[in-house]
Every structure is written in structure tokens, then in C-alpha cells.
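See structure below.
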There are 2 protein chains.
Amino acid sequence: MELDMRKMRILAAIVDDYIMTAMPVGSRTISKHPDINLSSATIRNEMSDLEELGYLEQPHTSAGRIPSDKAYRLYVDSLMRNVRLSERETRFMRDHFSQELDQVEDVVKQTAWVLSNLTQYMSVITSPQLHAVKIKHVQLVPVSEEKALCVVVTDSGIVRDAIVRIPRGTDVEKLERLSRLLTARLANQRMDEAITTLIPAICDEIAENRAFLMATLESLRRGMDADSARMTMAGATNMLNYPEYSDMGKAKNFLSAIETKDKLYGMLTKATKMEFTVTIGAENEDAQMQDCSVVTATYRIGNDPIGSMGIIGPTRMNYSRVLAILRYMGNGLSEMLTNMFEEER
Amino acid sequence: MELDMRKMRILAAIVDDYIMTAMPVGSRTISKHPDINLSSATIRNEMSDLEELGYLEQPHTSAGRIPSDKAYRLYVDSLMRNVRLSERETRFMRDHFSQELDQVEDVVKQTAWVLSNLTQYMSVITSPQLHAVKIKHVQLVPVSEEKALCVVVTDSGIVRDAIVRIPRGTDVEKLERLSRLLTARLANQRMDEAITTLIPAICDEIAENRAFLMATLESLRRGMDADSARMTMAGATNMLNYPEYSDMGKAKNFLSAIETKDKLYGMLTKATKMEFTVTIGAENEDAQMQDCSVVTATYRIGNDPIGSMGIIGPTRMNYSRVLAILRYMGNGLSEMLTNMFEEER
DNA sequence: TGTTAGCACTCGTTTTGTTCGAGTGCTAAT
DNA sequence: ATTAGCACTCGAACAAAACGAGTGCTAACA
């Protein structure tokens, strides 16, 4: 079913209004809209049609109408106009990137803060994914008689570590030798390749410390998989400012949904494949998020997408503005990280 | 002003009741209390006195009374009885500590979870503080032409890292030499001493790489100070189950108070000096926390207090139970960490 | 034929009024 | 000193009424 031009304009006006006010939109309001020169009665007829087509819903008979998920989908895909960010806003973001930040984690954390602050929604961002990143150095450090710490440094300056058991009596020299060996074999290899293909090869090759080495590498792999902690979020309480969460039950529901970060992390990593994604309301797989929308964007080092960031807000979020902000921040962050580490690739 | 025996008993009964029900306590309720054999009228007189003395408050004329912060203070200091934890509860905690967990961070995280789960309040715990911990290994890893990563491993298996600028053209060998030198000089030194006294000494001694070394050590110091990220909390949404936060405004207030972790972290580190602390309502420095109470306990490696954990709940929290749980968990965690790392000290 | 003014109707929200009862303070009796 | 009795207070819970934003429908109009 196609909508004619007029219906589209009306629908766009309704969505725009609802995004701002969160109040059911009446025919009268739309008839006063500058773009639309029709009486409220005509609008009523059109609205009635739009409702039948599934784009609008009526909370109850004598209220205005609110857009359905389907309406937001259409809005995002073809109705909304690109918004221009204000000078103030872009400056705010530029300032963020011009700061001297040494640690990747700090950059990520601050990006999350800027995002939530600017959008007034909740933001979430993954730390750079290691899979596409190259190993730089492996070091085994003795911690006790039976344990050592295995530290892996990547070329983006990210450190991962895992405790490994070592045979009693292993001396420092031996650990040092092993560190050198591992570094030599793994340096400049991609993380994911190292784990899947290289590690078995190395294990086969070296008879000497076979059991120990395998355990070490296994620990490492586990450490890598535990990446789901590597996600930062900010501005969760922003959500409580929106009337859709003024009901305690919903608020609690939402907050407990995000307290275990796993699902969010899943969404973000899945989204790393796409430049942008917009997931509206019931399109979310997680039942508890079905009255939120999630907008994500990726960031890159060089040309490799290496992480993604997202904004979570009510379904009536300001998609246009959010996308503009994510685009800007995504580019800025990509540039910053690329400068930080790409130099010598 | 001293309270006589009877007033104390009455006050204790009121507090006990209010902790359970969160409803203003009336004279009738207390007169039916098994420990107390007085008519409601007598209780009313006593309550009137207690109110005058500042131990009770009346929300409005025809409601019962609720304990003031002052009452809770007295309650905690001398009124409450030690509670015995149930078999189920202690088993729950023991199970937690019998798990095989390699990483310190995992242990901490899980402890936080157990605490919030068991108390149904919010829990918060610092990762082991580095100050009293000994350095094991220092390693500089080149990351780009101009940057290297300085990784410090401590004997409790905790890793800290910082990016440092290096003179262009520094080769791997040189970094390796420096790593060895730093490791040799700093190994087995306490973190805090290393930073305050040793580092200047080393700087003086070595002319060669003076500027560079100093920058490195300065980065390290900053990295250590940024410890405030090293805090885990769990069960924030538990708080929303209590009627004192059923009002949206208060809930928002509370949640935003804990979103920036700095203040909490401050409280916890300050509390590391004391075996237990109980901070009630307005005793909190942070205005936004003035209708919460915070109970903390330390945990140790060997005999050194090395971190602390806390429970945050409404002022009418079950202090006795919370203290019992914290005591148990504190001992358990201390034991576990001590076993993990003390062996070879 | 599409648009619009007019009007009766719907239904959630707000306001106002009423009742109910838990709990108090005071007084007088024990 | 304690307690029974009683009038009084005041919020909570409920009900009824007034309100008004918004609708759908009809009939008139361009």
C-alpha cells in the first residue's frame, strides 16, 4: 500500500510533533502546521486512513494519535530531513577530540559521555575489537610459585591479560624465553588468526612445553572472549527524564534490562558490520527493549570497522539529530584512533 | 541526655519494626510487642518524649512515628542485636568462594554480585588498591614510532598500563634494556614508595634517558591515580524496589548520584582505614545521598587492608544483617586473595 | 468530488466532596 | 506511674461531577 504525497506530509508532521511533545497529536495541531494547509476535518479523515494502514494508533477514543513503529520506520527510511547541527554542538564535539588523551579506554569513555550529554539519551560504546588488531608483544610475568600472568599488547595499545598456571619451579629465565618465543611467533599477527590457526600450529611444533603452552593460549583465548566487559555506557539516568519512563514499573524494567550488559554488547558487535543501524521498538529482539529504539554507528581504524557506538532512547527519539551526532562522532573517533595508531602500519 | 532502659527498648522495637515495614509505627503496634508489656497510652507518652529528644519524627499528626538518623545511630551503636545468618545464606557465600576464578577482577565482580543479591541492596567494591602492593615487572612495548606502552604487573596479578611518548627512532632493544632496568630497580618495591621516593632517585641516577624516563614514570603515576575506574557496583536497580524510592524524583536523584562513581570511590577508599564503617543518612557528605546509609568493610591480603566493599541502602536498611554479611564476605575474600598471592611473599 | 464547518458524542483527566480509620493528645480514673 | 476512654486530626481511598481535547459523522460548499 502506497501513501500519497499528502499522507506522507501529514505523517511526517505528526511524527515530528510527537517526537517533540510525547503527547498524542490531534488533528487541530496538524492543521496549524505551516507546511500543511488543510482544515482539521480533512486531517481527521487522513488520520483515520493512516490509522487503518497501521501507521497511527489511538491510545483511546478521545485522544489524538501517536505514531506506530511502522510509522517511525517509514519516517527514518524516507520521511525525515537531515538536520543541521548547531555551531555550538559541533564545537562541543570537536573540543572533545582535540583533547590529549593517551589511553584508548579514556577516549572511549569520554566519547560515551559526550554522546549521552549531547543527545540526552543513553549512550553505549564498545572498546575497539581485538579481532582485527595485531599482536605486538607477549609477556609472561611470574606472580607466584605456580602462577604467571600472561600479558598481550596489541598495536592499538590495548592490553589483555590472563593468569596461567605454570609448572612449579619454572624459573624466570624460562618464562622470559617463552615470552620471546611467543612474541616472535605471534607479533604482527591478527588476534583472531592467532587464536584460530596459529596457536594450534605452535603447539604442534614445540614439544618441550606443550601442555603448559596450550594452557596459556587457552587462557588467552578465554580472556579475549570475555570482552563483553569492554563496553562503556553513560547517561542511563537520562532516560528517566522522558515521560515514557515516568512509570516506575517501566523504568525498573528498562534499567534492569541494561544492567546485564551482555545483550547490548551483542547488539553492538552485530552492528559493527553496518555503517549505521536503526532498530525501532519491537524490531528489537530483546523483549525488555521493545519500547526503545537503538541507533548505532561504527568507528574505524584506517578502513577496518573496529567498534561501534550506539544511542538508546525512547522510540520517539530524535532520529535525525541522533544520526547526525553519531556520524560526526564516528568520523571524529575514527580519525583520532587512526592517527593514534595507524602511523606505522 | 541519657535514655532509660525502657525508652531504649521501645526505640529498638520501633526501629526494628520500621526496618521491616517502612511504615510509620504506631503506639498500638509496639504495645503488642512481646518484649514490651505496656499499654498503648504509655507508649504514646514515651514516644512523645523520644520525639522531643530527637529520636523520632512524625510525618503528620495522625500517623505513627519514624526513627530519625539519630535513632539509627544509637541503634547501630548499642541497640541492635547480632543476627545469625541462615545456613542457606552462608552456603551461598561459601559456594561463591569455592569457585575457581583466575582473575582478580572476576573475583571482585562476583563478590559485588553476591553482595547485592544477598542483601537486596546495592553493592559496591573497590579493586585491590595498588599502593600497598609490590611491583613485579615493568615492560615497555613499542606501539608506534613515537609511543610505547608501559605495563606494570604487580604481585597480585593486577596490570596497569599507560601510553608514553618515546623519542623517535628508539629501537626495540633499547626499550627492552630500559624494561629490564626498571624491573630490576622497582621489583619488590611497594607501589606507593616507588612513586614517591624511588622514582626521583632513579631519575637522578640515570643521565642517559632522563627526560624520557621521567615522562614514563609520570604517566605511570597518573595511571595509578586513575584508579577510580577500578570499582564495581551491582544491584543498583534493587533500590527501586524500596518504597522510599517509589517517587520518581528521589529515584532519579539517587541514580544520578551514583552514576559518577567518584564520590563513592572516595568514600570507599577513605573507609579502607577502618574495619567497618556505618554512615547514616545525613552523615553522608554528599547531599544526594542523605537518605541512604552506607555500610563498608575492608578486605585484606595478609594483614594489609587492600580494598573495601560497601552496601548502600535506604537509611532503614537491615544494619545487623548487612554487617553480618559484610563480615563474612570480607573474611572470605581476604582469605581467597591471600591464598592466591601470599604464598611466596 | 474533495474540502470544510458544525455538532453531538466519547472518554480520560482534574476537581471536589465524602467517608473511613489509624493514630494522636489529653483527661480522669485506678 | 499507668491505663482506659474519648474527642480530635488528617491523610488515604473512593465517588461523583465538571471539564475539555479530540473524534466521527453529516451536511453544506466550491
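Note that this is a predicted model, so its numbers are computed, not measured.
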[X], nearest nucleotide to its side chain (from [options]):
X	options	value
B:S39	C:dT24, D:dT3, C:dT4	D:dT3
A:R44	D:dT23, D:dG11, D:dT3	D:dT23
A:L38	C:dT4, C:dT10, D:dA4	C:dT4
A:H60	D:dC10, C:dG12, D:dT23	C:dG12
A:S48	C:dT24, D:dG24, D:dT3	D:dG24
B:T42	C:dA5, D:dT3, D:dT9	D:dT3

For the pair made of [atom1] in [X] and [atom2] in [N], what is the distance, rounded to whole Å?
X	N	atom1	atom2	result
A:M23	C:dG12	CE	P	15 Å
A:I30	D:dT23	CD1	C1'	15 Å
B:E51	C:dG23	CD	C1'	13 Å
B:L50	C:dG25	CG	C1'	16 Å
B:K7	D:dA1	NZ	P	11 Å
B:D49	C:dC26	CG	C1'	15 Å
A:R6	C:dT1	CZ	C1'	12 Å
A:I36	C:dT4	CD1	P	12 Å

Problem set entry | DNA chain D: 5'-proximal contact among B:T61 and A:S27 (nearest heavy atom) | B:T61
Exercise. Within 45 degrees of the axis of the six-membered ring of B:F276 and under 6.0 Å from its centre: does B:R327 put its NZ or CZ there?
Worked result: yes
Exercise. Checking A:K70 against A:Y55: charged group under 6.0 Å from the ring centre and within 45 degrees of the axis?
Worked result: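 Yes, A:K70 and A:Y55 form such a contact.
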Exercise. Is any side-chain nitrogen or oxygen of B:R28 closer than 4.0 Å to OP1 or OP2 of C:dT24?
Worked result: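 So the side chain of B:R28 is outside the cut-off, no N or O lying under 4.0 Å from OP1 or OP2 of C:dT24.
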Exercise. Heavy-atom count around A:E275 CD within 6.0 Å, excluding the residue itself: above 12?
Worked result: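 Yes, CD of A:E275 has more than 12 neighbouring heavy atoms, counting only those of other groups under 6.0 Å.
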Exercise. With a 4.0 Å cut-off, would you call A:R65 and A:E57 a salt bridge?
Worked result: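 No, this pair does not count.
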Exercise. Are any of the side-chain nitrogens in A:D35 or A:R6 under 4.0 Å away from the carboxylate oxygens of its partner?
Worked result: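 No, no charged N to carboxylate O under 4.0 Å.
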Problem set entry | 5' priority, DNA chain C, between B:N45 and B:G64 [closest heavy atom] | B:G64
